[in-house]
Amino acid sequence: VHPTAERRPHAIKVESENTSYTDEFITSRFANRGSEVTVTDGQYIIKPTVQEYEFQTKRAVSKTGLMMIGLGGNNGSTLCATILANKHNIVWHTKAGIQQPNYIGSMLRASTVRIGTDATGKEVNVPVSDVLPMVHPNDLVLGGWDISGLPMDKAMSRAEVLDYDLQRQVAPHMAAMGAPLPSIYYPDFIAANQEARADNVIAGQDKQAHLEHIRKDIREFKAKHDLDRVIVFWTANTERYADIIPGVNDTADALLNAIKTSHDEVSPSTLFAVAAILEGEPFVNGAPQNTFVPGCIELAERHNAFIGGDDLKSGQTKLKSVFAEFLVNAGIKPLSIASYNHLGNNDGHNLSAERQFRSKEISKSSVVDDMVDANRLLYKAPKVNVKTGEVEGKGEHPDHIVVIKYVPAVGDSKRAIDEYYSEIFCGGRSTINIFNECEDSLLATPLILDLAILAELMTRVQYRKVGENKDFAPLYSVLSLLSYMLKAPLVKPGTEVINSLNRQRNALESFLKACVGLEGNTDLLLETRIW
Ligand code: NAD
């Protein structure tokens with residue numbers, strides 16, 4: 001068994017007055033430290049703050065199902081085949097020799113977190129998945145929907161992602177999964193070039209009936225496999241944006257009513273999200289469209305249901321959220337970032353249509369915003385209207401363009417070219433070009449796993465403020481802690497989006513550690529700086 005697929009139950013135990021263990025729960029106490037800043041006469045006055053919280057994590061992981069919308073696509077079929085390969089320990093021949101299945105690319109299973117130092121002062125790291133009890137990917141029960149009715153073994157070969165020798169061996173297991181469940185198809189939302197695939201659709205045009213149908217599918221899947229939890233995951237084609245229309249999708253009640261009256265602007269992805277929310281199951285959106293219209297977020301809040309999104313952050317944007325931050329933090333000023341992509345898989349085919357491309361363009365565009373906002377030495381702040389006091393515009397910003405082209409020949413092997421053109425010392429210029437080539441679905445698939453596993457974990461964590469004498473309560477509905485794996489992170493309305501990959505990872509690590517009573521990361525390493 002490859003180390004990333006290893007099982008290590010209870011690999012960590014914290015011995016501290018802040019942490020207690022029972023058979024059922026891990027309970028921890030955590031001091032949330034911050035500082036409150038006010039400006040008086042041009043001076044920043046900073047007051048450190050501290051609020052203590054308790055976290056309670058249920059130790060028994062849920063028996064979890066993962067129902068994907070777009071099950072028969074490249075991501076869906078690749079995820080199923082690779083989990084089955086891990087589960088049945090299928091090894092295969094490639095031209096380079098024998099290949100073992102693994103979970104490389106999963107932040108949870110293939111990356112580590114520093115938990116302290118041993119007696120000699122050497123740092124100790126453990127897999128992230130060891131910090132709290134998490135579902136093992138091999139244990140996920142897989143299922144879902146697709147508008148294409150091709151059985152899963154055939155869907156895998158259509159995807160042209162995996163080595164032939166792996167496909168050959170895993171095919172019987174994939175065939176046993178059968179075909180995806182019929183899905184909701186509203187042709188207006190995805191590219192016209194997808195129509196030929198749509199041979200497995202739920203009949204009729206009645207959106208309320210479609211909602212009931214999907215809810216029933218979730219309930220039946222849950223009952224059939226005796227599951228505690230089902231994660232519903234959109235990895236279907238990118239849809240066009242839905243228009244936000246007052247009285248239609250701006251509030252929870254409006255949205256429910258718009259479904260009843262089969263309003264044109266309710267997309268399939270929003271219907272799936274509503275179905276999951278009403279069933280009390282987490283929903284994650286792996287594509288860029290605005291599934292989470294304001295009414296959908298309000299509905300999730302009302303039902304204390306968990307939602308996360310948007311759009312898997314696998315390649316170019318992931319690098320950008322590291323690279324742009326590196327430049328700005330180094331005091332270098334990017335003047336323009338120009339990004340070109342070409343790819344030849346079905347995702348690329350769908351994105352060759354203007355309105356679907358637009359969804360992707362929006363999701364890829366805002367990634368440098370917070371880094372620019374944080375450095376007003378390099379970028380001029382937005383103007384403030386002296387009469388009204390209102391902020392006008394967004395202030396200075398690097399030029400940023402994103403181009404995506406469909407080139408069938410390259411298949412799933414996506415190419416991304418980025419030029420970072422920056423101002424350096426005393427009028428100088430620097431140009432950095434990055435060319436990256438990767439197998440798209442093999443980068444995206446482990447992210448789906450991480451998102452599903454974290455979403456399940458979040459359903460088992462509860463919190464309360466120390467001193468309030470209240471019961472433990474679930475976390476807030478929008479799971480912004482999932483941002484590390486997402487291009488355009490959905491956050492609590494009214495709060496800031498963090499795009500920096502490092503900050504996103506720190507947040508997640510600190511949260512996991514807080515749940516076992518460990519203080520966040522310290523790179524101060526004071527003992528190495530003093531006598
Ligand atoms: P794909 O085209 O191979 O698969 C999508 C599947 O969704 C297809 O099988 C299609 O038949 C199905 N589908 C379309 N509409 C549906 C509906 N209403 N209900 C059920 N099924 C439906 O695409 P992919 O490469 O697997 O990518 C899936 C999604 O993930 C895309 O939206 C893509 O933009 C997004 N994404 C992918 C990556 C990546 O690196 N692969 C990264 C970020 C985001």
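Just follow the structure's listing: the first ligand is 1, and inside any ligand the first atom is 1.
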For Tyr476 and Glu301, test the side chains for any donor-to-acceptor distance below 3.5 angstrom and give the result as yes or no.
yes
Checking a contact table here: which protein heavy atom is nearest atom 35 (C) of ligand 1, and how many Å away?
Gly286 O, 3.7 Å
Before signing off on this row, confirm whether Thr238 and ligand 1 have an N or O atom pair separated by under 3.5 Å.
yes
Which residue and non-hydrogen atom of the protein lie closest to atom 11 (O) of ligand 1, and at what distance in Å?
Asp146 OD1, 2.6 Å
Tell me which protein heavy atom sits closest to atom 42 (C) of ligand 1, plus the residue, atom name and distance to 0.1 Å.
Ser314 OG, 3.5 Å
What's the shortest distance from atom 43 (C) of ligand 1 to any protein heavy atom, and which residue and atom give it?
Leu312 O, 3.1 Å
With no hydrogens and no angle check, is any side-chain donor or acceptor of Thr270 less than 3.5 Å from a backbone partner on Val266?
no
If the cut-off is 4.0 Å to any non-hydrogen atom of Ala287, which atoms of ligand 1 fall inside it?
32 (O)
Sort out for me which residue in Arg219, Arg229, Lys222 forms a salt bridge (Lys or Arg N to Asp or Glu O under 4.0 Å) with Glu279.
Arg219
At less than 4.0 angstrom from any non-hydrogen atom of Asn74, what atoms of ligand 1 do you find?
1 (P), 3 (O), 4 (O), 25 (O), 26 (O)
Of Ile231, Asp228, Asp139, the residue whose pairing with Ser62 passes side chain to side chain contact (heavy atoms under 4.5 Å, CB included):
Asp228
So, regarding Ala444 and ligand 1 (criterion: nitrogen or oxygen to nitrogen or oxygen, under 3.5 Å), is there a contact or not?
no
Proximal atoms of ligand 1 relative to Ile69 (non-hydrogen, under 4.0 Å):
19 (N), 20 (C)
Does Trp234 have a non-hydrogen atom less than 4.0 Å from ligand 1?
yes
Atom indices of ligand 1 within 4.0 angstrom of Gly70 heavy atoms, with elements:
6 (C), 7 (O), 12 (C), 20 (C), 21 (N)
Within the side chain of Thr261, is there an N or O that forms a donor-acceptor pair under 3.5 Å with the backbone of Asn257?
yes
Just by distance, no angles: are the side chains of Ser148 and Arg158 close enough, under 3.5 Å, to form a donor-acceptor pair?
yes
Atom 23 (O) of ligand 1 sits nearest the protein heavy atom Asp347 CB, 3.8 Å
Which of Glu354, Glu361, Glu265 passes salt bridge (Lys or Arg N to Asp or Glu O under 4.0 Å) with Arg240? Answer is Glu265
For atom 40 (O) of ligand 1, what is the nearest protein heavy atom, given as residue, atom name and distance?
Asp440 OD1, 2.7 Å
Pro182, Ser183, Ala236: member with heavy atom nearest to atom 13 (N) of ligand 1:
Ala236
Could you tell me which atoms of ligand 1, counted from 1 in the order shown, lie closer than 4.0 angstrom to a heavy atom of Gly72?
9 (O)
Atoms of ligand 1 under 4.0 Å from any heavy atom of Asp311, numbered from 1 in the order shown, are 43 (C), 44 (C)
So is Ile147 close enough to ligand 1, meaning a heavy atom under 4.0 angstrom away?
yes
Salt bridge present between Arg460 and Glu456 (N-O < 4.0 angstrom):
yes
Work out whether the distance between some heavy atom of Ile184 and some atom of ligand 1 is less than 4.0 Å.
yes
Identify the closest protein heavy atom to atom 14 (C) of ligand 1: which residue and atom is it, and at what distance?
Asn237 OD1, 3.2 Å
Any N/O of Arg197 closer than 3.5 Å to an N/O of ligand 1?
yes
Would you mind checking if Lys216 and Glu212 are paired as a salt bridge, meaning a charged N to carboxylate O distance below 4.0 Å?
no
Which heavy-atom pair separates Val274 from Leu256 by the least distance, and what is that distance?
CG1-CD2, 4.2 Å
Residues, nucleotides or ligands: over 12 heavy atoms within 6.0 Å of Lys154 NZ
no
How about Gln99: does its CD atom have over 12 heavy atoms from other parts shown lying under 6.0 Å from it?
yes
No-hydrogen, no-angle side-chain donor-acceptor test under 3.5 Å, Asn499 and Ser321:
no
Would one find an N or O of Asn345, backbone or side chain, under 3.5 Å from an N or O of ligand 1?
no
Atom 30 (O) of ligand 1 - nearest protein heavy atom and its distance:
Asn75 ND2, 3.6 Å
